[in-house]
Amino acid sequence: VQLQASGGGLVQAGGSLRLSCSASGRAFTNYPMGWFRQAPGKKREFVATIVWSSGRTYFADSVKGRFTLSGDNAKNTMYLQMNRLNPEDTAVYYCAAIEKESYVSAAYYFSKETSYNRWGQGTLVTVSS
């Protein structure tokens with residue numbers, strides 16, 4: 001599967017933004033998909049993941065309660081709705097997928113970059129104070 005992220009931009013603190021991750025190839029609901037982000041000068045960090053087969057979602061503590069995940073089967077697209085944004089959310093956001101025959105259904109597994117083997121290009125989100 002190939003992934004393409006979009007929807008980044010400049011937003012004021014307290015505002016909202018929705019990122020999209022379009023998947024081409026196999027149906028995107030066949031495997032877990034998620035988002036990571038990398039702020040300037042920092043390591044890439046986990047944001048959120050959804051396991052479509054179970055509907056279960058996993059979120060980093062820093063975004064829990066503010067970000068949500070959803071998908072559109074017809075468009076083969078995953079969305080990350082980001083609300084109540086703050087300057088600490090400024091980063092390049094990457095969508096990723098675990099296109100593997102098996103995986104571990106656990107938070108620790110989904111939070112690791114190395115669990116994902118498909119990555120889209122990043123989309124920049126800038127939150128001004």
Side-chain angles (χ1 to χ4, degrees):
V1 65
Q2 293 182 325
L3 306 175
Q4 184 168 355
S6 61
L10 175 64
V11 63
Q12 288 189 331
S16 299
L17 208 57
R18 189 179 77 164
L19 303 184
S20 301
C21 178
S22 304
S24 61
R26 296 173 61 187
F28 77 126
T29 54
N30 285 347
Y31 29 75
M33 293 180 67
W35 293 90
F36 283 73
R37 67 185 182 185
Q38 187 168 19
K42 295 187 177 181
K43 292 183 177 180
R44 191 152 57 181
E45 64 176 7
F46 169 73
V47 175
T49 285
I50 184 166
V51 181
W52 302 107
S53 58
S54 63
R56 194 151 179 201
T57 55
Y58 301 82
F59 292 93
D61 288 342
S62 59
V63 306
K64 205 170 290 184
R66 300 188 296 124
F67 291 12
T68 58
L69 286 165
S70 63
D72 185 330
N73 286 340
K75 296 182 179 180
N76 230 28
T77 300
M78 171 181 66
Y79 301 104
L80 178 69
Q81 178 66 43
M82 306 185 294
N83 299 325
R84 303 200 314 273
L85 286 162
N86 58 62
E88 289 69 41
D89 295 315
T90 294
V92 176
Y93 284 71
Y94 299 87
C95 63
I98 302 175
E99 191 178 10
K100 300 177 182 178
E101 291 186 359
S102 64
Y103 55 85
V104 178
S105 287
Y108 83 88
Y109 182 84
F110 294 127
S111 67
K112 296 191 306 180
E113 279 189 71
T114 53
S115 299
Y116 299 78
N117 60 342
R118 298 287 183 260
W119 291 86
Q121 90 293 356
T123 185
L124 176 62
V125 172
T126 304
V127 184
S128 63
S129 57

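For the single chain, residues carry numbers from 1 onward in sequence order.
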Same apolar cluster (I L V M F W Y, side chains within < 4.5 Å links), Leu17/Phe59:
yes

On a heavy-atom basis, the closest approach of Ala48 and Leu69 is CB-CD1, 3.7 Å

Using side chain to side chain contact (heavy atoms under 4.5 Å, CB included) as the criterion, point out the one residue from Asn86, Thr90, Leu85 that pairs with Glu88.
Asn86

Evaluate the side-chain proximity of Gln81 to Ser16: yes if any heavy-atom separation is below 4.5 Å, no if none is.
yes

In this structure, would Val63 and Trp35 fall into the same cluster of hydrophobic residues linked by side-chain contacts under 4.5 Å?
yes

Consider only side-chain heavy atoms of I, L, V, M, F, W and Y, link residues closer than 4.5 Å, and tell whether Leu80 and Val127 are in one cluster.
yes

Looking at side-chain heavy atoms only, is the closest gap between Tyr58 and Val51 below 4.5 Å?
yes

Taking ring-ring contact (aromatic ring centres under 6.0 Å, His included) as the definition, give me every residue that meets it alongside Phe36, ordered by chain and number, with sequence neighbours left out.
Phe46, Tyr116, Trp119

Phe110 versus Val104, closest heavy-atom pair with distance:
CZ-O, 3.6 Å

Is atom CD of Gln2 surrounded by more than 12 heavy atoms (other residues, nucleotides or ligands) closer than 6.0 Å?
no

Heavy-atom count check: over 12 atoms from other residues, nucleotides or ligands less than 6.0 Å from Lys100 NZ?
yes

If we ignore hydrogens and angles and just use 3.5 Å, is the side chain of Glu99 paired with the main-chain N or O of Arg118 as donor and acceptor?
no

Residues which pass salt bridge (Lys or Arg N to Asp or Glu O under 4.0 Å) with Arg66, listed by chain and number, not counting sequence neighbours:
Asp89

